[in-house]
Each structure stands twice: as structure tokens, then as C-alpha cells.
Amino acid sequence: MPDEIKMKQWSVIYAPGFDYMLAGTAGDHPKLGINARIPHTDPVKSFEIVNDVARVETQSDTYLCPLKYLDLWTCLDEPMGGEDNVVGDMKEIFNYVRYKLRPSSMEDPDPDRPAFRHIDELRKAGVRELAAERAENVRRMMDFAAKYDHSLYIELSSVSVGSPGVANMDGKLSLLEPELRTGPVADAVCYTRAGVLDFRYWPYRGPQRDSQVYIWSESLKHVFIRNLKADDVTFNGQRLRSGIVTELTRPAQPPEPWNNRV
């Protein structure tokens, strides 16, 4: 029996030739880890809403998607594959998204429809819950970073695009969002603050899937990474075990930044 994967933020998307799929963030994915970004799942086979939770089966997994975490801004707002391809209770979601974003496209727009008001209230509660969870995560990260001056602490759920970190520079704590910079040869994940710190790496370069740090500013004395992924990852050949906080070893000679345009 497949694992039931709980989604924190989710939407229904459509790709020509692939029918309807889910996209979003999984709270704890058995294969991908904590807060795993899922660009798309396999095609949806069944979609049933029970007790304000959509139970969605794809070809390989089962997802539990609370309506309070529905991300309507990335959700498909009208079926593109024809009404015959809509599965189970999926149409109820599409109607709600139309009601919120494109009411003129509804056959029978009704702002007082009880079902829509109910989903609205659920989503308001979900927004508050996610905001509180994020605030608690930031507080916990700051507590860790506060122990080490001139440090960067990252809770890594995605190697390819990076995850939020907290910097402690001269006792000043700040949240630092990664920036993905696209280059002519490779993309780079960058944690930068002008004149303060600069930490950049190429995700998964080479056949060994080894991410390589290519810029590490002198101002930065410590870099800690908590690996939230389900599997171990490596940076400059150093193994970062799943679920563990590891201090990166600074490369004796960082790789030549041949892709300095990123």
C-alpha cells in the first residue's frame, strides 16, 4: 500500500498529454524528505474530498491535501483537457478557483454559495497556521545561528534551488533567502548580502551528483547545513547525512568560478 503523503501547499495543474497532476510542497515525503518541493506528480487517478481533505491517488502515490492549504494562485482555473478528463471531486476545486479568480467564467456565479464560503474560512485558517509554522522555524534557526558569530545556517530541503537560511554577522541575525542565478553553463544557488557575506554553490555538478561551493567569502567563518532531504547529499565531497546538522569544511582552494556570470 503506498504511503499517504501530506501536502502543506498544493494545487492542481494540467500539462497537455499528461492530464491533471498535483504540485506543491509535501510536509514529509518518504523519498524526498521534509518540505519537499514537488513541481508535479504523476497523473491523478482519483480525487475525493472527505472531511475537508482531498484524498488524491496518482499512478504511484496517495496524497492527502487539506483544503485549507489549497494554493489557488497556482491552481488551474479552468479545465484545459475537457470536462470528461476531470476526476472525482476535482471540479469542485476548479469551481472555487474560478469563483475567486475568474468569476465571469462561471456558468452560475454565486458569491454566497455555502461551499465556497466554507473553503474561504478554511484557507484563512491555513494561512495563519503556515505563517505561525514559518515564524517558529525562523525562530529555531535563529537560536542555532546565534551560537556562532560570522555564520550561515541553512535548513536544506532543496539542493537545486536552495532553502532559507539565517546569517549571524557581528551578532546581527537575519533571514536570508537563496537566489537561483542562471548561467550559460550551470545554474548557481547564491546566499549573498552586499558587503557582508557571499556563499555560492553549483548544485549537483558532475557524475557523482556532488554540489560544489565556488564562492565562500572571508567574512563567513562557519556554514552549517541541516539536511532535510530523505537521502544523504554531498558538498565538495563532504557527506551530509539526512536529518543531521553538519558544518561544512571550507575548501582549501574553492573551484575556479569559471561561470562567474552567475
Side-chain angles (χ1 to χ4, degrees), residues 3 5 8 24-41 60-61 137-138 140-145 147-169 175-193 196-262:
D3 293 304
I5 301 167
K8 289 185 177 179
T25 301
D28 190 356
H29 196 288
K31 298 177 183 177
L32 302 177
I34 299 172
N35 294 333
R37 295 174 65 255
I38 301 177
H40 64 81
T41 65
S60 58
D61 295 294
N137 288 341
V138 171
R140 187 189 63 254
M141 293 170 66
M142 286 189 169
D143 285 348
F144 183 95
K147 302 174 185 176
Y148 305 92
D149 201 4
H150 294 270
S151 67
L152 173 64
Y153 172 54
I154 303 168
E155 294 198 342
L156 192 68
S157 58
S158 173
V159 176
S160 60
V161 298
S163 303
V166 167
N168 179 359
M169 304 300 290
L175 183 66
L176 201 58
E177 295 286 348
E179 178 184 358
L180 182 65
R181 298 188 182 180
T182 302
V185 182
D187 294 342
V189 177
C190 308
Y191 294 83
T192 62
R193 182 150 294 161
V196 179
L197 67 87
D198 197 348
F199 178 80
R200 311 184 191 190
Y201 68 86
W202 291 307
Y204 292 151
R205 287 187 65 220
Q208 301 302 317
R209 294 180 62 79
D210 179 29
S211 298
Q212 294 199 353
V213 177
Y214 72 95
I215 291 180
W216 184 323
S217 62
E218 289 295 331
S219 62
L220 197 55
K221 305 304 181 185
H222 308 278
V223 175
F224 298 93
I225 295 180
R226 181 187 177 198
N227 177 17
L228 299 184
K229 297 184 68 62
D231 298 323
D232 297 350
V233 299
T234 61
F235 276 72
N236 295 91
Q238 182 179 356
R239 187 178 182 183
L240 280 60
R241 295 186 179 276
S242 174
I244 302 298
V245 176
T246 303
E247 182 172 5
L248 284 190
T249 300
R250 185 183 189 122
Q253 183 175 355
E256 182 68 23
W258 46 266
N259 193 14
N260 56 19
R261 281 173 288 181
V262 303

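Everything numeric in this text was worked out from a predicted model, so none of it was measured.
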Q) Does some side-chain heavy atom of I34 sit less than 4.5 Å from a side-chain heavy atom of S157? A) no
(Q) Working to the nearest 0.5 angstrom, can you tell me the gap between L32 CG and I5 CD1? (A) 7.5 Å
(Q) Which heavy atom of D149 sits nearest to which heavy atom of M169, and what is that distance? (A) OD1-C, 3.7 Å
(Q) Could you work out, with side-chain hydrogen bond (donor to acceptor under 3.5 Å, both in side chains) as the rule, every residue matching D232, not counting sequence neighbours? (A) R239
Q: Go through the steps for R200 and C190 under the test side chain to side chain contact (heavy atoms under 4.5 Å, CB included), then give the verdict.
A: CA-CA 4 Å; R200 311 184 191 190; C190 308; 3.6 Å; yes
Q | Value rounded to 0.5 Å, distance of OH in Y191 from CD in E179 | A | 11.5 Å
Q: Report yes if the side chains of T246 and N227 come closer than 4.5 Å at any heavy-atom pair, otherwise no.
A: no
(Q) Restricting to non-hydrogen atoms, name the atom on A188 and the atom on P203 that form the minimum distance, rounded to 0.1 Å. (A) CA-CD, 4.3 Å
Q.
Looking at V196, is its backbone amide N or carbonyl O close enough to the side chain of S219 to form a donor-acceptor pair, meaning the two atoms are under 3.5 Å apart?
A. yes
Q) Got a salt bridge between E247 and K221, using NZ or NE/NH1/NH2 to carboxylate O under 4.0 Å? A) no
Q) Is the H222 ring parallel, tilted or perpendicular to the F224 ring (thresholds 30°, 60°)? A) parallel
Q: Kindly give the heavy-atom pair with the smallest separation between D231 and K31, and that separation in Å.
A: OD2-O, 4.1 Å
(Q) For the CZ atom of R193 and the CG atom of D198, what is their distance to the nearest 0.5 Å? (A) 12.0 Å
**Q.** Euclidean distance, L220 CG relative to H150 NE2, rounded to 0.5 Å
**A.** 9.5 Å
Q | Residue list, side-chain hydrogen bond (donor to acceptor under 3.5 Å, both in side chains) with S160, at least two apart or on another chain | A | S158
Q) For N236 and T249, what are the C-alpha separation, side-chain angles and deciding distance, and is it a side chain to side chain contact (heavy atoms under 4.5 Å, CB included)? A) CA-CA 9 Å; N236 295 91; T249 300; over 6 Å; no
Q: Decide yes or no for L240 and L248: does some side-chain heavy atom of the first lie under 4.5 Å from some side-chain heavy atom of the second?
A: yes
(Q) I'd like to know if the side chain of S211 reaches the main chain of Y204, judged simply by a donor and an acceptor atom lying under 3.5 Å from each other, with no hydrogens or angles considered. (A) yes
Q: Go through the steps for D210 and T234 under the test side chain to side chain donor-acceptor pair (under 3.5 Å), then give the verdict.
A: CA-CA 5 Å; D210 179 29; T234 61; 3.0 Å; yes
Q: May I ask you to check whether over 12 heavy atoms, not counting those of R140, lie within 6.0 Å of atom CZ?
A: yes
(Q) Within the 4.5 Å heavy-atom criterion, are L152 and L176 side-chain neighbours or not? (A) yes
Q. Can L156 and L228 be said to form a side chain to side chain contact (heavy atoms under 4.5 Å, CB included), step by step?
A. CA-CA 5 Å; L156 192 68; L228 299 184; 5.8 Å; no
Q.
Using 0.5 Å steps for rounding, measure from the CG atom of L175 to the CE atom of M141.
A. 6.5 Å
Q: Compare every heavy atom of P164 with every heavy atom of E177, then report the nearest pair and how far apart it is.
A: OE1-CG, 3.5 Å
Q. Looking at side-chain heavy atoms only, is the closest gap between P178 and V161 below 4.5 Å?
A. no
Q: Applying ring pair (Phe, Tyr, Trp, His ring centres under 6.0 Å) between Y214 and each of Y201, F235, W202, F199, report the one that passes.
A: W202
**Q.** Distance (rounded to the nearest 0.5 Å) between S163 OG and K229 NZ
**A.** 8.5 Å
Q: Evaluate the side chain to side chain contact (heavy atoms under 4.5 Å, CB included) criterion for residues I215 and T192: first the C-alpha distance (whole Å), next the side-chain angles of each, then the deciding distance (0.1 Å), finally the verdict.
A: CA-CA 10 Å; I215 291 180; T192 62; over 6 Å; no
